[in-house]
Amino acid sequence: MSATLNRIGLARDAYKGAATTLCAGCGHNSITNHLIKAMYELGVEPHMLAKMSGIGCSSKTPAYFVDQAHGFNGVHGRMPALTTGAQVANRKLLMVGVSGDGDTVSIGLGQFMHMMRRNVDCTYIIEDNGTYGLTKGQFSATADVGSVQKRGSVNTYQPIDPCAVALTLGCSFVARSFSGDGKQLVPLIKAAIAHRGTAVLDVISPCVTFNDHDGSTKSYSWVKDHDEQIQDVTFIPFFEEIHVDYEPGTIKEVALHDGSHLVLKKLSEDHDPTDRIGTMRLLEESRERNQLLTGLLYIDETAPDFSTRERLPELPLRDLGEEDLRITREDFAQHMSELA
Amino acid sequence: MSATLNRIGLARDAYKGAATTLCAGCGHNSITNHLIKAMYELGVEPHMLAKMSGIGCSSKTPAYFVDQAHGFNGVHGRMPALTTGAQVANRKLLMVGVSGDGDTVSIGLGQFMHMMRRNVDCTYIIEDNGTYGLTKGQFSATADVGSVQKRGSVNTYQPIDPCAVALTLGCSFVARSFSGDGKQLVPLIKAAIAHRGTAVLDVISPCVTFNDHDGSTKSYSWVKDHDEQIQDVTFIPFFEEIHVDYEPGTIKEVALHDGSHLVLKKLSEDHDPTDRIGTMRLLEESRERNQLLTGLLYIDETAPDFSTRERLPELPLRDLGEEDLRITREDFAQHMSELA
Amino acid sequence: MTPGPTINDLTFQAATVNGSGSQSANLVLTRAIFSMGIPVAPKNVFPSNIEGLPTWYQLRISPRGYQARAGEPDVLVALNPATWTKDLASVRPGGAVVHEQAYSTAGARSDVSYFPVPFAKLAKSRIQSDTLRKQLTNMLYVGVVAGLLGIPFEAIEHGIRRTFQSKPKAWQVNIDAACVGYQHWQDNFADRGIAHVLRPMTGLTDDRVLIEGNQAAALGCVMGGCTVAAWYPITPSSSLCENLITYAERFRVDPETGEKKIAVVQAEDELAALGMAIGAGWTGARAMTSTSGPGISLMGEFTGLAYYAEVPVVIFDIQRIGPSTGLPTRTSQADLGFVYTLSHGDTKHLVLLPGTVEECYEFAQTAFDLADRFQAPVFVLSDLDLGMNLWMTPTFQYPERPFDRGKVLDAGDLARLEGQWGRYRDVDQDGVAYRTLPGTDHPAAGYFTRGSGHDEDARYTEEAEAYARNMDRLARKFETARSAVPAPVVDESAHSTIGLIAFGTTHHAVVEARDLLSERGLPVDYLRVRALPLSSSITEFVRDHERVYVIEQNRDGQMYDLLRLELPAELAGRLRSIRHYDGRPIPAESITRPLLELEEAVPVQ
Amino acid sequence: MTPGPTINDLTFQAATVNGSGSQSANLVLTRAIFSMGIPVAPKNVFPSNIEGLPTWYQLRISPRGYQARAGEPDVLVALNPATWTKDLASVRPGGAVVHEQAYSTAGARSDVSYFPVPFAKLAKSRIQSDTLRKQLTNMLYVGVVAGLLGIPFEAIEHGIRRTFQSKPKAWQVNIDAACVGYQHWQDNFADRGIAHVLRPMTGLTDDRVLIEGNQAAALGCVMGGCTVAAWYPITPSSSLCENLITYAERFRVDPETGEKKIAVVQAEDELAALGMAIGAGWTGARAMTSTSGPGISLMGEFTGLAYYAEVPVVIFDIQRIGPSTGLPTRTSQADLGFVYTLSHGDTKHLVLLPGTVEECYEFAQTAFDLADRFQAPVFVLSDLDLGMNLWMTPTFQYPERPFDRGKVLDAGDLARLEGQWGRYRDVDQDGVAYRTLPGTDHPAAGYFTRGSGHDEDARYTEEAEAYARNMDRLARKFETARSAVPAPVVDESAHSTIGLIAFGTTHHAVVEARDLLSERGLPVDYLRVRALPLSSSITEFVRDHERVYVIEQNRDGQMYDLLRLELPAELAGRLRSIRHYDGRPIPAESITRPLLELEEAVPVQ
Ligand SMILES: Cc1ncc(C[n+]2csc(CCOP(=O)(O)OP(=O)(O)O)c2C)c(N)n1
Ligand SMILES: Cc1ncc(C[n+]2csc(CCOP(=O)(O)OP(=O)(O)O)c2C)c(N)n1
Ligand code: SF4
Ligand code: SF4
Ligand SMILES: [Mg+2]
Ligand SMILES: [Mg+2]
């Protein structure tokens with residue numbers, strides 16, 4: 001059978017990358033597949049995609065999807081800065097960053113927060129396993145209190161929850177999901193891509209080698225048992241008709257920058273994803289109930305992204321030439337005379 | 001008249017430092033005086049005090065109080081690490097750090113947060129003026145949206161509120177005050193010193209030279225007009241009798257680690273300083289009302305501090321000698337045989 | 001009989017308190033004198049503090065237009081009680097001392113002439129506006145000095161209008177204040193005989209302008225096509241990006257749309273600043289960051305990434321004196337060695353060494369070309385003296401050459417190549433490979449950039465041979481760059497057996513020192529290094545001279561070391577090291593004194 | 001006729017897939033052979049990855065006990081289909097190849113003997129536990145190799161008990177699995193003639209132990225009195241602090257109270273890690289951090305602070321090959337130059353260069369003494385080869401000397417001095433000043449530590465002379481340290497006109513190379529550098545030899561450069577540079593080949 005092509009005429013294979021070198025069963029691999037699915041279905045243009053990452057098992061994943069795209073595997077914890085610079089230099093690029101909990105919440109915490117503050121237009125995925133996989137299983141700062149390390153030691157420090165931090169900063173798109181839940185994650189990835197601004201996706205992604213045992217709160221079983229989905233998420237791309245037939249009141253619709261829509265059908269909690277303070281409360285409470293709140297936590301489609309705020313032209317800065325950039329001879333001479 | 005002596009027989013002058021080199025009218029100078037008053041009244045032992053700071057006008061202030069104490073003016077934004085190391089090496093020291101908003105919330109944000117996460121036993125004062133004073137008035141990350149710079153440019157980025165961040169991390173002592181309000185600040189400083197764990201004091205401290213003009217939200221006049229005090233704060237040191245005569249219900253009493261007490265008489269809001277989520281809501285709401293919430297925002301006297309959690313002995317590590325630290329000859333020989 | 005006054009040959013020094021507005025008073029004087037056609041060389045010595053500490057402004061005026069720091073002042077304006085005694089002691093015998101009347105001169109030295117002025121009183125009585133009084137008080141001494149040195153008052157007015165170019169409202173009040181001082185001079189001292197006067201000149205300042213190195217560098221960035229600048233404030237580098245912002249607002253904003261053709265981002269720290277610049281450079285923009293010592297120490301990891309992943313980026317280091325925080329408002333050339341091999345592992349970087357404000361302007365543009373050409377970080381090492389002082393310079397040339405964007409393959413190229421290319425293949429055998437930019441619409445355009453091991457086709461590898469091949473190519477690339485960076489400037493006109501080698505701002509002290517040495521009958525040749533890697537022509541220069549003195553502003557003789565490593569062993573021994581490192585710009589005397597001592601020590605053949 | 005088998009002289013190599021448990025299989029073999037009294041030299045070549053990529057384990061066995069990496073293997077165990085062809089090709093002619101039966105040998109080389117084993121089948125049929133099968137499969141080849149090389153099965157059992165010391169439960173299953181392989185050998189290959197065998201020996205392993213450099217360094221930290229360690233995980237340094245944690249739990253915990261006499265803090269990054277160590281050192285504790293290249297690049301600013309504010313701190317750099325992320329699991333000596341002058345401005349640091357695991361243990365202790373003595377950062381430069389491989393070493397000595405805490409004034413001293421002291425006064429004219437610690441109960445004890453300008457009494461100053469005086473003292477202090485750091489080890493027994501200079505792990509290749517050269521009739525002398533600053537005795541060594549080859553594991557000849565800068569010009573020319581930099585430990589051949597070539601090129605007088 002011939003592969004079915006997406007709206008820009010590409011087969012799913014066009015969104016694949018190199019073969020993974022991660023452990024069999026690593027949550028990161030599932031996320032890679034969800035990314036491939038989302039981009040294939042959205043019809044992302046490979047050559048306009050810039051895959052960014054730091055250092056870690058998670059940060060290797062950009063090599064495993066959309067081979068044709070450019071990728072930049074930078075240094076540990078500094079992907080936000082590279083992404084910010086790349087984005088302002090060419091705002092037409094689709095920036096998709098993949099990081100880890102160590103990369104983002106330990107060494108990279110400062111950059112991560114300042115990127116959100118600037119609302120740099122990018123999708124920022126944290127493959128969150130509560131451990132440093134690549135350095136063989138030390139606790140990361142997202143490890144929960146009481147979580148047990150493979151070597152036996154117990155974490156006694158409060159975790160730093162990237163979603164809570166993002167909400168505090170008013171990040172314009174905050175979501176949490178689980179590597180094992182493509183049904184929820186794929187539409188969220190699509191929405192994050194459609195969103196203009198920083199879209200943070202904290203995806204719990206178990207490390208089967210170092211942090212998938214009993215006592216770990218980042219194991220497949222723990223997450224399955226404690227996953228508390230706020231909504232049922234449906235993404236309707238701009239190039240498709242919207243037809244939703246739910247009884248009124250049960251759903252909430254969010255229009256995204258590029259004309260796509262999110263349809264959120266409330267499940268457990270009564271939750272308004274545009275109410276930041278309410279969401280913070282909800283998040284804290286679910287944590288105290290020892291539950292993992294997943295879904296679209298918060299979204300603000302009104303916040304201008306960094307390039308817009310910096311009043312950059314639509315034409316990428318990097319495409320400007322001598323005429324655009326040099327002072328004219330007249331102005332130059334005039335300026336020189338002022339210095340005399 | 002002879003100087004009155006405090007409980008350890010020292011006069012107020014013993015708590016003074018070198019003459020300030022800061023601008024006349026700088027908020028930082030008032031804070032210095034409040035620190036001197038608080039330490040004098042508490043009877044802090046100068047030789048047990050370690051004054052820590054980063055780089056900035058604010059970070060110069062440790063030179064201006066308690067001359068006899070040791071001080072460490074480190075590098076920009078890295079005071080938390082120096083403080084953490086010094087504290088674990090000698091947990092008997094009284095660590096008092098003074099930083100600035102640039103030092104803490106820009107370059108130092110990551111360290112600041114990880115110090116709070118560890119609950120390192122120290123008083124951490126942010127002399128917050130919304131600007132980089134020492135480098136002549138650029139915006140810092142605590143500058144509010146719409147705040148106008150002296151050169152005219154307007155800040156369009158959401159501020160990073162150190163108190164909000166501290167609450168998100170569950171920092172064990174979070175307070176905000178104003179350099180001009182000694183009545184509120186002095187008892188808060190005393191409480192911060194009495195508290196065992198990280199006590200964050202975000203003190204709005206106007207920069208008269210670069211950020212005290214109309215349009216600045218860190219100016220004396222703006223703060224005076226928008227200051228919203230949660231409580232009236234009274235500190236009763238462990239060496240004094242408690243006698244409070246308020247009609248019941250109007251006050252809340254908090255016992256501190258060293259036996260001192262805080263008496264909080266509620267003013268505006270109904271607020272419980274041990275309710276973290278409630279305080280977060282309160283803080284966010286007051287901000288949306290464009291008000292500056294001051295007072296003791298949150299306190300948790302149950303959280304063990306870093307040295308306790310690390311199970312360090314009471315005797316400072318740095319005082320241990322060969323006998324304490326070297327493996328015995330027997331054990332050493334035994335261990336060698338294991339390696340054969 | 002007393003000799004007549006010297007003409008246009010003096011060193012003026014104002015000793016004031018910082019934050020008191022004396023800076024603009026000094027600029028007015030500088031502009032005024034410059035407008036008389038007299039060459040000026042100002043040096044501002046200020047504290048790492050905002051208000052209330054001692055600050056000095058030295059204005060050197062010499063017939064030959066020397067720009068190096070002079071020694072003691074001939075004319076002193078003393079307005080800081082805290083330093084009054086020291087300041088007074090520093091004046092050259094026969095000098096003139098203008099001071100606040102309140103300062104005691106009882107029992108003070110008698111070999112200088114005193115001009116006591118009741119500045120405080122005058123300010124109170126003659127300056128109406130209370131708010132402006134503090135600022136304007138300093139304008140009083142401008143008037144007094146005008147009288148003392150015979151500066152026409154029109155020149156002062158011109159200086160005021162120049163200094164306050166952007167706020168005409170300030171003109172009259174300042175002119176009035178200066179006038180008060182000027183009048184006070186006429187009324188009290190007009191008849192006093194004086195040792196130094198200024199007279200209008202012609203020829204020496206034609207087509208000359210006054211500009212600070214950081215402003216010149218910012219202008220170079222604009223003309224060099226910089227579109228992304230990420231920075232974190234730090235003295236003495238801040239004014240570079242602040243000037244860039246000013247230029248951007250004036251020359252890079254579309255009047256209709258208000259759109260900006262540049263992004264100047266104030267980062268949260270230096271790590272982020274360089275990271276942003278690298279991200280932008282990777283995307284194909286001309287990107288830079290600017291910092292000083294402490295920032296450089298934070299940029300090690302990202303610099304190594306740019307070196308190894310081969311991403312163009314320009315890094316300005318406006319050197320101040322370290323180590324650590326050191327003296328943030330004092331100058332130095334001590335980052336040279338550290339920057340050259342910045343980051344762990346085997347790394348070597350291109351480093352440009354501007355010696356004049358003109359070169360700050362030129363090299364800023366060169367740096368972007370070299371970064372694109374060699375796909376590497378390029379450092380521009382300026383210093384506080386060059387960056388934050390006003391310098392007299394010929395007006396800058398408008399760039400005639402287009403940007404050199406280096407080896408970039410676009411979609412068309414890739415089509416022609418039928419997609420056959422490899423990011424790190426050494427096609428031209430010069431060590432420089434071809435790159436594509438993100439967003440290039442060709443299926444073969446994409447590749448993976450990484451700081452970890454990669455082969456010729458940018459594939460991840462841990463293979464030993466592939467690793468070594470890549471490192472060898474990077475070394476080859478560096479050799480290619482050796483002849484592409486600005487060549488040394490050589491002057492062997494003295495036909496001497498002795499040569500001097502210097503770089504950066506040390507140049508100006510060398511110029512003067514050479515004159516002094518010639519006068520002492522010891523003419524010397526001179527080579528000025530302008531970039532790393534070191535040009536092979538330096539070997540020739542050393543071969544041509546028996547003894548070569550390497551002069552620099554650091555403790556450890558960093559350039560002396562780099563030179564010895566490049567020279568053949570038999571020549572390395574000809575080098576001698578002369579170092580100045582007290583934070584003040586090197587004066588000619590710090591070259592001549594040690595050099596003459598060392599020369600005397602030379603055994604006579 | 002075929003020659004009899006060589007005895008105890010072979011190189012074994014296992015080619016497997018990482019994360020498959022082959023590491024423990026290899027350790028069992030190593031322990032087993034070591035227990036036969038045979039010197040072993042293992043080298044583990046693993047990928048920067050957790051599971052599924054090729055990994056190699058080389059076990060060298062030589063009568064002389066050479067520890068350097070050997071060339072091609074004599075005996076190969078091939079269990080990785082991905083690399084089978086390459087692995088097979090690498091075997092020495094006459095070698096033995098144990099491989100998974102499934103791999104095709106059709107048309108493969110005929111100059112080696114094949115021992116096909118149905119590992120997969122055996123595992124399925126003979127290993128019951130499904131969960132353990134993956135792990136135990138590798139134990140099968142342990143048994144096979146035991147048969148092949150004639151290792152007594154008791155030795156294998158010993159090796160298993162040693163390797164799984166902490167989990168006796170694992171013993172039997174592993175022994176069973178090994179037995180299956182052993183049995184398979186007996187049943188199928190017992191009668192095959194083989195080229196290499198092992199026979200028990202005596203004398204060569206007495207009082208010897210096997211330990212990794214990082215564990216030895218951790219033990220050194222414990223014995224050296226380290227009480228604060230702050231680290232951030234990074235390969236290949238992580239195991240140093242992880243071993244320290246294990247030691248702490250065993251030897252530093254009070255059994256009653258559970259109190260820990262050490263704080264090992266996992267920091268959020270390397271900046272914080274070094275900052276914590278400096279904070280602790282300032283307070284008077286013996287503090288350290290451990291990292292690798294990228295971490296070093298992040299420690300520049302704090303290192304400069306420790307240098308200039310003079311705070312003791314020990315920094316371990318377990319070198320991996322850069323630049324940037326480079327190859328995280330490959331070895332190198334390329335951080336030397338960068339670390340020596342780490343941070344902006346004029347800085348120079350003490351650097352210790354252990355060449356053996358014994359020196360990892362010794363120098364760790366020395367480092368804390370030197371840091372306290374010189375109130376400065378002290379670097380210990382190890383590398384991946386030394387830090388993460390097992391090495392045979394004489395048992396370590398128990399330290400007899402007390403800690404040297406350096407010049408610290410306590411309350412009593414201050415009382416005696418009547419409070420008359422200054423933190424940065426050079427009382428003893430050795431550049432080393434006295435310090436007090438926070439918490440010292442004397443009114444004069446307190447002072448202000450800062451990275452900005454300070455005078456002899458630790459007061460803030462921007463004064464030029466005070467700044468220069470302080471910098472000169474720091475230089476003086478460095479000179480004092482020159483004779484206090486570990487001296488070079490010199491062997492001039494060859495009385496040769498040729499000398500070798502090396503440092504760190506390069507030593508082991510030099511040892512072997514010297515034997516080879518002697519056999520070729522070219523005996524050479526040898527000096528091993530063990531620390532920076534360089535000892536003046538090196539000059540003598542160079543003076544005593546016509547040609548001196550500097551051998552190191554980096555591209556740019558970093559030690560070669562440092563040596564040339566220290567030597568008098570007339571001697572510098574005698575140095576020649578030999579460099580190895582492909583990420584694998586340097587083999588003797590990488591010294592002998594280039595050296596012999598260069599020697600041939602030498603013009604005959
Ligand atoms: C500056 C620096 N420090 C340390 C390291 C070592 N290191 C590599 S990955 C990593 C942590 C990875 O953890 P995480 O980001 O959670 O990714 P994971 O492997 O768990 O997916 C560390 C500490 C490094 N590469 N660079
Ligand atoms: C690594 C580094 N970068 C930059 C600087 C320059 N610098 C000195 S103070 C400062 C900011 C000070 O702002 P803040 O902390 O708010 O203190 P304030 O002066 O406003 O009290 C900066 C950027 C530095 N000293 N070190
Ligand atoms: S170590 Fe953990 S995070 Fe890394 S690849 Fe394996 S399972 Fe995934
Ligand atoms: S510049 Fe601002 S912050 Fe600094 S001393 Fe002056 S008033 Fe205070
Ligand atoms: Mg992780
Ligand atoms: Mg500030």
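Residue numbers begin at 1 in each chain, while the letters A, B, ... track the order of the sequences. Heavy-atom basis, side chains included; hydrogens, waters and symmetry copies ignored.
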Residue, of C/Gly322, C/Pro47, C/Ser343, that accumulates the most heavy atom pairs under 4.5 Å with chain D: C/Ser343

Best-contacting candidate, D/Val339, D/Asp472, D/Leu575, against chain C by heavy atom pairs under 4.5 angstrom: D/Asp472

Under the side chain to side chain donor-acceptor pair (under 3.5 Å) test, residues paired with D/Gln333 that sit two or more places apart: D/Thr506

Partner set under side chain to side chain donor-acceptor pair (under 3.5 Å) for D/Lys477, not counting sequence neighbours: D/Glu310

C/Phe338 and D/Thr347: CA distance, side-chain angles, deciding distance, side-chain contact (heavy atoms from CB on, under 4.5 Å) verdict: CA-CA 9 Å; C/Phe338 184 58; D/Thr347 65; over 6 Å; no

Which of C/Ala475, C/Gly337, C/Ser332 touches chain D most, by non-hydrogen pairs under 4.5 Å: C/Ala475

Chain C contact via D/Leu271 - side chain, backbone, both or neither, heavy atoms under 4.5 Å: side chain

Rounded distance (nearest 0.5 Å) linking atom CG of C/Asp556 with atom CG of D/Leu565: 11.0 Å

Chain D-proximal positions within residues 294-304 of chain C [heavy-atom distance under 4.5 Å]: C/Pro294, C/Ser297, C/Leu298, C/Gly300, C/Glu301, C/Gly304

Under 3.5 Å donor-acceptor, C/Arg555 side chain and D/Met471 backbone: yes

Heavy-atom contact with chain C under 4.5 Å, split by part of D/Leu571: neither

Donor + acceptor pair across side chains of D/Gln558, C/Asp346 (<3.5 Å): yes

Neighbourhood of chain D inside residues 577-586 of chain C, taking heavy atoms under 4.5 Å as contact: C/Tyr581, C/Asp582, C/Arg584

Most chain C-contacting option - heavy-atom pairs closer than 4.5 Å, from D/Gly451, D/Pro323, D/Ser452: D/Pro323

Student check: side-chain heavy atoms of C/Tyr308 and D/Thr325 closer than 4.5 Å: no

Portion of C/Leu342 that has a non-hydrogen atom of chain D nearer than 4.5 angstrom: both

Part of D/Ser48 lying under 4.5 Å from any heavy atom of chain C: both

Choice from D/Gly453, D/Ala572, D/Ala569, D/Gly326 maximising heavy atom contacts with chain C below 4.5 Å: D/Gly326

Among C/Ala464, C/Ala468, C/Gly573, residue most engaged with chain D (heavy-atom pairs, under 4.5 Å): C/Ala464

Criterion side-chain contact (heavy atoms from CB on, under 4.5 Å) on C/Arg564 and D/Arg564, from CA distance to verdict: CA-CA 8 Å; C/Arg564 286 190 297 151; D/Arg564 287 190 297 149; over 6 Å; no

Atom group of C/Ala306 that falls short of 4.5 Å from chain D, counting heavy atoms: neither

Exam field: side chain C/Asp335 to backbone D/His344, donor-acceptor pair closer than 3.5 Å: no

Contact winner vs chain C - D/Asn554, D/Thr341, D/Asp317, heavy-atom pairs under 4.5 Å: D/Asn554

Spacing of C/Tyr460 atom OH and D/Leu327 atom CG [to the nearest 0.5 Å]: 6.5 Å

